[in-house]
Protein chains: 2
Amino acid sequence: MARPRTFDEERALDAAMRTFWEKGYEATSTQDLCDATGLGRSSIYNTFKSKHDLFERALARYIDSMTSAQLAVLEDRRLSAADRIRTLLATVVDGETEHRAGGRSLGCLTVNTTVELAARDARAAGMLERDTARRLAALRAVLEEGRRDGSITSARDPGALARFLNAAIGGMRISSQGGADRAALESIADVTLDALTA
Amino acid sequence: MARPRTFDEERALDAAMRTFWEKGYEATSTQDLCDATGLGRSSIYNTFKSKHDLFERALARYIDSMTSAQLAVLEDRRLSAADRIRTLLATVVDGETEHRAGGRSLGCLTVNTTVELAARDARAAGMLERDTARRLAALRAVLEEGRRDGSITSARDPGALARFLNAAIGGMRISSQGGADRAALESIADVTLDALTA
DNA sequence: TAGGTTATGGATCGGTCAGTTCAAAACTTG
DNA sequence: CAAGTTTTGAACTGACCGATCCATAACCTA
């Protein structure tokens, strides 16, 4: 038919996602996106309609990969409920330790977007809300299971425990972005788990 | 001597702080700052050297007012250590419920700045780090006192509990910005306190 | 009230923003 | 190899960015 693309759309999306993750939406210019992806402006605007559209796709990609990895941990039937949550928190610590730039943790694109955009970008806010709902439901299911298998002894409502855990993960990410090291994050995770067995 | 100012510098600073709080640093234009303060560009640049300088002063003001209010709670000798922390968390819930725009919580300028700027603005990062250190020290002191007065029964290291509490507060703020309502925040606070008495 | 000083508003600065246009290049298909 | 289609790079657009300049207004002091 016609001239084929010389780049991999998924790789470009990945590079864009990384850039938004590192610098935030506003601070990322279209030139930054050209540099990061290696594409020219035409290719970017031809493939992704606009900066905002590209951001939405990058965010969707991030949410999808992140949350599905976390849900996989939460649904691992080989582990007790408490151990799944322990593993989940360890995954978060690993992620924060791993994804850094300029000596600092990148945090989590979901959290970063909640802070930077949720208030004035209804579409992004909707994506984040759906993701939160999905994660809260999964957490709640595991916590209910933990109540049954005895690994979660807290008498609190599982919904409340789920919201607490979700908040705790966000808090760990903020702490990491604020300079907390791996040991600090691990101790936060330990104390978080205490609340579920109180 | 000469023509005096027709505006109150502190009120202008307050308006600027509020704007940065609502929109973030990058998304706030100098025109936004003119609109919010009611000042002309000349007055703003004459009084505060630059947008960045104005932001730093706004952030310093926020940190100062926020943290000194929180330290006042933590040093209230009429309350047990656990009750001080309970009160602190209630203050956070109130703040998140109170400071909203467009139907959404504004979160916390400290957290927002950690996410948006800490990675690429060393001066802001330094201010945030000093504030975090101050808050962690105060939390730790209260937790140690709680161990002595018996209101904190967790055997965990008070430093770890302090980092946990600090993270929990950040997590509550993120949750709030993500749409959590007052009841949700209160339940998160309840579970957070469980961890200290585990 | 005159002289000195500062505040103020508006015009303006160069630069960068997101996004568009267009001609040339590159590839498929017949 | 030629027609047709799409990609690509580079130049370009108007708008807005943070910041400065300057003439004028407003005020204090002497």
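Letters A, B, ... are given to chains in the order of the sequence lines, protein chains preceding strands, and every chain is numbered from 1.
Among the atoms of the strands shown, none is found under 4.0 Å from any heavy atom of F48(B). Looking at heavy-atom distances under 4.0 Å, S43(B) makes contact with sugar-phosphate atoms alone, never a base. Residue contacts shown for T47(A) are absent, as no nucleic acid heavy atom lies under 4.0 Å away. S42(B) comes within contact range of at least one nucleobase, with a heavy-atom separation under 4.0 Å. Within the 4.0 angstrom heavy-atom criterion, base atoms lie near T30(A).
Inspection of the Q177(B) and T114(A) side chains reveals no N or O donor paired with an N or O acceptor under 3.5 Å. Judged by distance alone, the side chains of S175(A) and R163(B) never bring a donor and an acceptor atom under 3.5 Å apart. No side-chain N or O of T91(B) forms a donor-acceptor pair with one of D94(B) less than 3.5 Å apart.
Rounding to whole angstrom units, NZ of residue K23(A) and P of dT16(C) are separated by 13 Å. At whole-Å resolution of the value, CD in Q31(B) and P in dC17(D) are 8 Å apart. Taking atom CG of residue L39(A) and atom P of nucleotide dT8(D), one finds them 7 Å apart after rounding to whole Å. Residue D53(A) contributes atom CG, which lies 14 Å from atom P of dA18(C) at whole-angstrom precision. For F7(B) and dG9(C), the CZ to P distance is 10 Å, given to the nearest whole Å. Between the CG atom of L33(B) and the P atom of dC16(D) there is a distance of 17 Å, rounded to whole Å. Atom CD of E9(A) and atom C1' of dT8(D) are 16 Å apart (whole Å). As a whole-Å value, the separation of N46(A) CG from dA23(C) P is 17 Å.
Taking side-chain N and O atoms only, Y45(B) has no distance below 4.0 Å to OP1 or OP2 of dT20(D). Distances shorter than 4.0 Å separate some side-chain N or O of R5(B) from OP1 or OP2 on dA7(C). A close approach under 4.0 Å does not occur between any side-chain nitrogen or oxygen of S50(B) and OP1 or OP2 of dG18(D).
In this structure, K51(B) forms no cation-pi arrangement with F20(B), as its terminal cationic atom is not both closer than 6.0 Å to the ring centre and no more than 45° off the ring axis.
Between R148(A) and E144(A) no salt bridge is recorded (no basic side-chain N to carboxylate O distance below 4.0 Å).
In the interface, the side chain of R41(A) is paired with the base of dG19(C) through a donor and an acceptor atom under 3.5 Å apart. On a pure distance criterion of 3.5 Å, no polar donor-acceptor pair joins the side chain of R3(B) and the base of dA26(D).
Projected onto DNA chain D by closest heavy-atom contact, A2(B) and K51(B) fall at different nucleotides, the more 5' of which corresponds to K51(B).
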